[in-house]
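Inspection log for the structure reproduced underneath, given as structure tokens.
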Amino acid sequence: MRQEEVLHMFPQEMRRRWEQVAGQADCLQEIRLRVNVPATVWIDNREWFVDAEGKLTNRWPEEGACRPEELDAILKHLCQYSVYAYADEIRQGFLTIQGGHRVGLSGQVVMEEGNRIRNLKYIRYLNIRIAHEIKGVADRLLPYLYDERGQALNTLLISPPGCGKTTMLRDIIRHLSNGTVYGNGMNVSVVDERSEIAGSYLGIAQNDVGIRTDVLDGCPKQEGMMLVIRAMSPQVLAVDELGNEGDIRALQVASGCGCKLIATIHGASLADVRNKKYMCNIIADRLFERYLVLTRKNGRCEIEGIYDREGMRC
């Protein structure tokens with residue numbers, strides 16, 4: 001199934017070239033297409049070039065550079081030949097396609113009044129990130145995510161980029177939604193600003209986020225958190241990548257409404273996050289009861305530590 005999903009990212013006439021790449025679908029992480037240079041793919045944390053025949057090589061190939069018309073054809077295919085229908089997503093710089101895979105877009109920006117992005121045109125760079133669900137990755141964390149009454153604890157997942165924090169968050173959401181031996185299933189609302197958690201396609205989550213989970217897709221976190229609190233009455237609210245004071249204020253409001261919170265943030269350590277200016281108040285208020293810190297060691301992503309609200313290792 002995953003192999004077919006990769007092949008169907010490309011127009012019919014191009015698929016033969018991508019058969020070898022699709023054959024590595026279980027380990028495939030991303031496909032990067034750039035104008036006038038050969039395509040590159042990342043497979044099991046290793047970069048490869050794709051030559052004109054579709055063969056993988058670790059040497060720069062003489063032929064096989066991506067032509068502008070090829071990139072145009074791939075983009076039209078990904079948009080089901082209705083690029084206009086995807087204008088809102090394109091303006092944000094990404095598409096989410098069937099299977100939950102995410103396509104980053106880059107090209108020439110067209111601005112409008114108010115210094116806002118109106119559109120992207122001459123899209124000449126595509127980054128197809130292959131979605132991988134890893135069910136069970138959060139299993140060892142479950143005892144630390146509940147209190148003695150079986151209620152979820154406000155939890156912040158800290159991780160450098162590329163360490164699997166969204167994958168971990170998704171599995172935590174699934175467990176909280178379905179229920180575990182540590183607590184009953186809860187109504188979870190996910191504000192999925194960039195369609196990375198649930199990977200929604202045509203409004204349907206492509207990733208398993210649990211049987212009691214509602215997804216608000218493509219909505220900015222601040223507005224989205226307020227919307228789902230009013231509309232869906234969640235017991236748990238989940239968001240990815242806190243990044244500014246507005247996100248923090250919305251979290252504080254959500255907590256005051258009785259929601260439990262599960263969130264992620266970029267950071268190298270708990271100390272690193274504490275030093276972020278916009279995090280000072282929320283740390284001082286001890287809003288989060290658990291801190292889960294991921295790190296990279298010897299090329300592998302690992303759980304560095306689990307900490308309580310005081311910053312003590314659990």
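Note that this is a predicted model, so its numbers are computed, not measured.
By the neighbour-count criterion of 12 heavy atoms within 6.0 Å, atom CZ of Arg16 is sparsely surrounded, having that number or fewer from other residues, nucleotides or ligands.
The side chain to side chain contact (heavy atoms under 4.5 Å, CB included) with Leu7 is formed by just one residue from the set Glu19, Arg2, Met14; it is Glu19. Just one of Gln206, His101, Gln98 meets the side-chain hydrogen bond (donor to acceptor under 3.5 Å, both in side chains) condition when paired with Glu5; it is His101.
Grouping the Ile, Leu, Val, Met, Phe, Trp and Tyr side chains by contacts below 4.5 angstrom, directly or via other members, places Leu169 apart from Leu242.
Among all heavy-atom pairs drawn from Ile303 and Ile306, the shortest one is CG2-CG1, 4.3 Å. Residues Ala205 and Val209 come closest through the heavy atom pair CB-CG2, 4.3 Å. Closest heavy-atom contact between Asp171 and Gly136: OD2-N, 3.0 Å.
Classified by interplanar angle (parallel below 30°, tilted 30° to 60°, perpendicular above 60°), the ring pair Trp60/Phe49 is perpendicular.
In this structure, CG in Asp88 is found 11.5 Å from CG in Leu95, a value given to the nearest 0.5 Å. Atom NZ of Lys135 is separated from atom CG of Asn207 by 9.0 Å, given to the nearest 0.5 angstrom. Remark: Asp192 CG to Thr166 OG1 distance equals 9.0 Å, nearest 0.5 Å.
Looking only at atom types and distance, the side chain of His175 has a donor-acceptor partner in the side chain of Asp139 under 3.5 Å away.
A salt bridge links Arg102 with Glu196: the closest approach of a Lys/Arg side-chain nitrogen to an acidic carboxylate oxygen falls below 4.0 angstrom. A salt bridge between Glu241 and Lys165 is present, with a side-chain N of the basic residue lying under 4.0 Å from a carboxylate O of the acidic one. A salt bridge does not link Lys55 with Glu53: none of the charged nitrogens is closer than 4.0 Å to a carboxylate oxygen.
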side-chain hydrogen bond (donor to acceptor under 3.5 Å, both in side chains) between Arg249 and Gln252: does it pass, once the steps are laid out? CA-CA 5 Å; Arg249 286 194 297 270; Gln252 290 171 318; over 6 Å; no
Run the numbers on Arg15 and Glu4 for salt bridge (charged side-chain N to carboxylate O under 4.0 Å, His left out), then give the verdict. CA-CA 10 Å; Arg15 290 177 190 169; Glu4 288 298 312; over 6 Å; no
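A donor-acceptor distance shorter than 3.5 angstrom exists from the side chain of Arg212 to the backbone of Asn178, with no hydrogens or angles considered.
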